[in-house]
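In what follows, a structure is listed as structure tokens, so that the remarks can point back to it.
Position 1 is the first residue of the sequence; numbering continues from there. It should be emphasised that the depicted structure is a prediction, and the values quoted were computed from it without experimental measurement. Just the heavy atoms: all of them, side chains too, but no hydrogens, waters or symmetry mates, feed the values below.
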Amino acid sequence: MTFENFVDERSLISHDMTGNKEIKIKLLEVEDDASDHNWKFGVRIKVKKILVTIKHLQTQQVEEGEFDLKEIEKEMKEKRHYSSTNRWVQTTDVKNGYILNSRHNILLSDAVALDYIVI
């Protein structure tokens, strides 16, 4: 592995507010109809599906779940008439197929609001 391909694992993991859980998000699928867009703030892709891995630090138990963010966003709009999700992610925020921890809250906001994920 070259230095350019090295990714610090800490940049891929976020924690809950109490520090009892670690969260990691793997990018599974992007929107086909929304090819790479060169926006004012860089090249972005629209995330469709992710795999969320949550590790409970006290028990070392690991939970995984696949989420279709497009469907969750649609359900949020129907039930609450609002969606806070911004599924656009800069290509530089994806490392080795995982999404950087700085984007976790934005991608998971609707799933948390609908109680798909309890953090």
Side-chain angles (χ1 to χ4, degrees):
M1 176 186 291
T2 64
F3 182 74
E4 292 81 28
N5 294 338
F6 175 77
V7 177
D8 187 2
E9 187 76 11
R10 293 175 294 180
S11 67
L12 304 177
I13 297 173
S14 61
H15 295 83
D16 67 337
M17 289 177 33
T18 59
N20 293 327
K21 298 174 186 170
E22 290 182 344
I23 302 161
K24 195 171 182 181
I25 299 178
K26 181 169 180 68
L27 179 63
L28 296 179
E29 192 175 332
V30 296
E31 291 280 332
D32 292 333
D33 60 340
S35 60
D36 291 350
H37 288 285
N38 192 1
W39 289 34
K40 181 179 177 181
F41 301 109
V43 178
R44 295 178 178 220
I45 54 174
K46 195 169 188 181
V47 177
K48 183 175 179 185
K49 288 186 181 179
I50 58 174
L51 177 69
V52 178
T53 304
I54 299 175
K55 180 179 180 182
H56 301 269
L57 297 177
Q58 293 174 341
T59 63
Q60 299 301 311
Q61 177 187 2
V62 176
E63 297 179 71
E64 283 190 335
E66 185 176 314
F67 293 94
D68 187 330
L69 295 181
K70 183 178 181 178
E71 290 301 314
I72 291 174
E73 183 179 48
K74 182 179 170 184
E75 182 180 348
M76 185 70 163
K77 287 178 182 177
E78 290 171 358
K79 288 185 175 181
R80 308 275 171 86
H81 306 293
Y82 174 76
S83 174
S84 59
T85 299
N86 179 359
R87 296 188 291 128
W88 289 98
V89 174
Q90 287 187 344
T91 55
T92 56
D93 289 342
V94 179
K95 302 290 183 188
N96 294 340
Y98 288 89
I99 298 172
L100 293 180
N101 60 10
S102 60
R103 300 293 300 167
H104 289 182
N105 288 337
I106 294 169
L107 290 174
L108 296 177
S109 61
D110 284 349
V112 170
L114 292 170
D115 293 328
Y116 286 124
I117 300 175
V118 178
I119 299 177

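Checked by atom type and distance alone, the side chain of D16 pairs as donor or acceptor with a backbone atom of K21 at under 3.5 Å. R103 contributes no side-chain N or O that, together with a main-chain N or O of R87, makes up a donor-acceptor pair within less than 3.5 Å. Side chain of H56 to backbone of E63: no donor-acceptor contact under 3.5 angstrom is found.
Of the residues V30, D68, L28, the one that meets the side-chain contact (heavy atoms from CB on, under 4.5 Å) test with K48 is D68.
Under the 3.5 Å distance criterion, with hydrogens and angles disregarded, no donor-acceptor pair is assigned to the side chains of K55 and Q61.
D110 contributes atom CG, which lies 9.0 Å from atom NZ of K77 (distance to the nearest 0.5 angstrom). Separation of atoms NZ (K49) and CD (E66) is listed at 5.5 Å; rounding is to 0.5 Å. Of the inter-residue distances, the one linking L114 atom CG with K79 atom NZ reads 6.0 Å to the nearest 0.5 angstrom. E22 contributes atom CD, which lies 12.0 Å from atom CZ of R10 (distance to the nearest 0.5 angstrom). Here E9 contributes atom CD and Y98 contributes atom OH; the two are 7.5 Å apart, rounded to the nearest 0.5 Å.
Contact of the T53 side chain with the K26 side chain is not registered, since no non-hydrogen atoms from C-beta on lie closer than 4.5 Å. Residues I13 and N101 fail the side-chain proximity criterion, which asks for heavy atoms closer than 4.5 Å. By the 4.5 Å heavy-atom criterion applied to side chains, E78 and K74 are counted as neighbours. For the pair I25 and V52, the minimum side-chain heavy-atom distance is below 4.5 Å. Side-chain contact between N96 and L12 is absent, with no heavy atoms from C-beta onward closer than 4.5 Å. A heavy-atom distance below 4.5 Å is found between the side chains of I45 and L27.
Linking Ile, Leu, Val, Met, Phe, Trp and Tyr whenever their side-chain heavy atoms come within less than 4.5 Å puts V112 and V89 in one cluster. No chain of hydrophobic side-chain contacts below 4.5 Å, direct or via other Ile, Leu, Val, Met, Phe, Trp or Tyr residues, connects L108 to V62.
A 6.0 Å sphere centred on CG of N20 holds more than 12 heavy atoms belonging to other residues, nucleotides or ligands. Around atom CD of Q60, more than 12 heavy atoms belonging to other residues, nucleotides or ligands sit under 6.0 Å away.
Not counting sequence neighbours, the partners of S102 by the side chain to side chain contact (heavy atoms under 4.5 Å, CB included) test are L100.
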Any chance you could lay out the side chain to side chain contact (heavy atoms under 4.5 Å, CB included) test for I117 and I54, step after step, and finish with the verdict?
CA-CA 10 Å; I117 300 175; I54 299 175; 4.1 Å; yes
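Residue I99 comes nearest to H104 through the heavy atom pair O-NE2, 3.0 Å, listed as atom of the first residue, atom of the second, then distance. Minimum heavy-atom separation, L107 to L69: O-CD2, 3.5 Å.
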